[in-house]
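Contents: one structure, followed by commentary.
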Amino acid sequence: MNAPETLSRWNQATSSRVPFWAYTDAQLYQRELEKIFYGPHWSYVGLAVEIPNTGDFRLTWVGERQVVMVRDRVAPKDRGTDHGIRVVENRCAHRGVRFCQQPQGNARSFVCPYHQWTYKLNGELAGLPFKEGVKATEADGTPCVQGGMPPDFDLKAHGLTRLRVEVLHGLVFATFSEEAEPLADYLGPNILPWLDRIFKGRELSLLGYNRQRIPGNWKLMMENIKDPYHPGLLHTWFVTFGLWRADQKSRMVMDDHGRHAVMVSRRNEGGENRAVTEGVTSFKANMVLNDARLLDVVPEPWWKVPDPANPGTEINPTVTMMTLFPSVIVQQQVNSLSTRHIVPRGEGEFDFVWTHFGFADDTPEMTQRRLRQANLFGPAGFVSADDGEVIEFSQDGFRQWGEEGSTLCELGGTGTGGTEHMVTETLIRSMYAYWRKVMGV
Ligand code: FES
Ligand code: FE2
């Protein structure tokens, strides 16, 4: 284990070489939980459509802390201003028990199994057994009260930990921090248009979940989706069927802090570009699909939007991959849509929860298409299975060498600006420039 003073040394001026200890040091990871996941950052916890009715709840996570996302009752007078979604920590205020064991369901209130303390849907303590003690009689027959809570015990002061919650177009975010800026500011004006493009004013439909545990540091997943260099090289599926190649028209967007990003790209209209497939061993010229419906891509009207960076023009991407630091990836890959929640579990492992969705007004054919294309993603996806593996191999490589090694992210230089192409690792560098500031290394 490194001493903290060793950890505080990041030997380069730039953020282009990430020391292996950033992925393998257990103490540093604890600091990440405090400063990032429990600090002034917003974490994705789920979609509003997962809890449509009053009392619906779902267990989810902020960092390693399990929380309950729940739909509270809303008084008629508050209906215009209160979305009704609450996020409370799954930890009883009495003796710390993780009281909710059901992954999802509907409840009128939450009752801790240990001593039956009962909480309202908004996390307030509603009542507890024997608060006033037990009525008994003294030996001489006088009535008395035995035990109970002290007379000044205040129900209001002993509710569940309630997180701040903001809902953006049906995406639910929560934070333990009072200092976190409002969510829209946190995401920033460069990122918001790309969220608007998919979600604004649209009702979602929930298509299903995948979940997997990946034996690698959580940041590797963020890096993977900030890395436009790998898809046309690692993924046979992408390079062979032309879904992602280095010559596509692309843009790398980031927020002012460099922590969030969007990879925006447009699939080529077809044709083989030998310059980007020659020598790429994952390109399989003779590979064909048994079922062509997997690639039955149908353009959707909402793909085309005014270009946020070039007023007066339009942009029509087929892919947008967003990393919203630190907890979620939002994916549009042709007709397949998902959120991917990153749940860290120690420095060398994370859970990855995929929520596939569509829109409430989709035709049954479009829903089928989205579901078929979802086969490219998820733990065993034709594409994403590769990412899970290389993340594991990365962590293995870091461990076997020891902490003085470092990665090299210098494709496109050592700077951290946005680009109008994808032959760059700039988004990874910008995330680490921010990470270094937050972590003080
Ligand atoms: Fe929850 Fe006692 S620990 S009621
Ligand atoms: Fe990938």
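First listed ligand is number 1; within each ligand, the first listed atom is number 1. Below, all heavy atoms of this structure are taken into account, side chains as well, without hydrogens, waters or symmetry copies.
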Residue pair Asp56 / Val70, side-chain heavy-atom distance below 4.5 Å
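Sidechains of Val70 and Asp56: no contact.
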
Using 2.8 Å as a strict upper limit, say whether an N, O or S atom of Asp387 approaches the Fe ion (ligand 2) that closely.
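Of the N, O and S atoms in Asp387, at least one lies under 2.8 Å from the Fe ion (ligand 2), which means yes.
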
Vertex atom 2 (Fe) of ligand 1: angle to ND1 of His94 and ND1 of His115, to 10°?
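So the angle at the metal works out to 90°.
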
Which ligand 1 atoms does [X] reach within 4.0 Å, using its non-hydrogen atoms?
X      : answer
Cys92  : 1 (Fe), 3 (S), 4 (S)
Trp117 : 4 (S)
Cys112 : 1 (Fe), 3 (S), 4 (S)
Tyr114 : 2 (Fe), 3 (S)

Are Asp386 and His230 close enough that a side-chain donor and a side-chain acceptor fall under 3.5 Å?
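Looking only at side-chain atoms, His230 and Asp386 do not form any donor-acceptor pair under 3.5 Å.
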
Check this for me: does any side-chain nitrogen of one of Asp387 and Arg340 sit under 4.0 Å from a carboxylate oxygen of the other?
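Salt bridge: no.
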
Decide, yes or no, whether a salt bridge links Glu410 with Arg429 under the criterion of side-chain N to carboxylate O below 4.0 Å.
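Judged by the 4.0 Å cut-off on N to carboxylate O distance, Glu410 and Arg429 do not form a salt bridge.
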
Any chance the rings of Tyr23 and Trp21 have centres within less than 6.0 Å?
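When the ring centroids of Tyr23 and Trp21 are compared, they turn out to be at least 6.0 Å apart.
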
So, Phe357 versus Phe199, ring centres under 6.0 angstrom or not?
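Ring centres of Phe199 and Phe357 closer than 6.0 Å.
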
Closest non-hydrogen protein atom to atom 3 (S) of ligand 1, residue and atom name please, with distance?
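Answer for atom 3 (S) of ligand 1: Arg95 N, 3.3 Å.
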
Can you tell me, to 10 degrees, how wide the angle at the Fe ion (ligand 2) is between NE2 on His230 and NE2 on His235?
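Reported to 10°, the angle equals 100°.
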
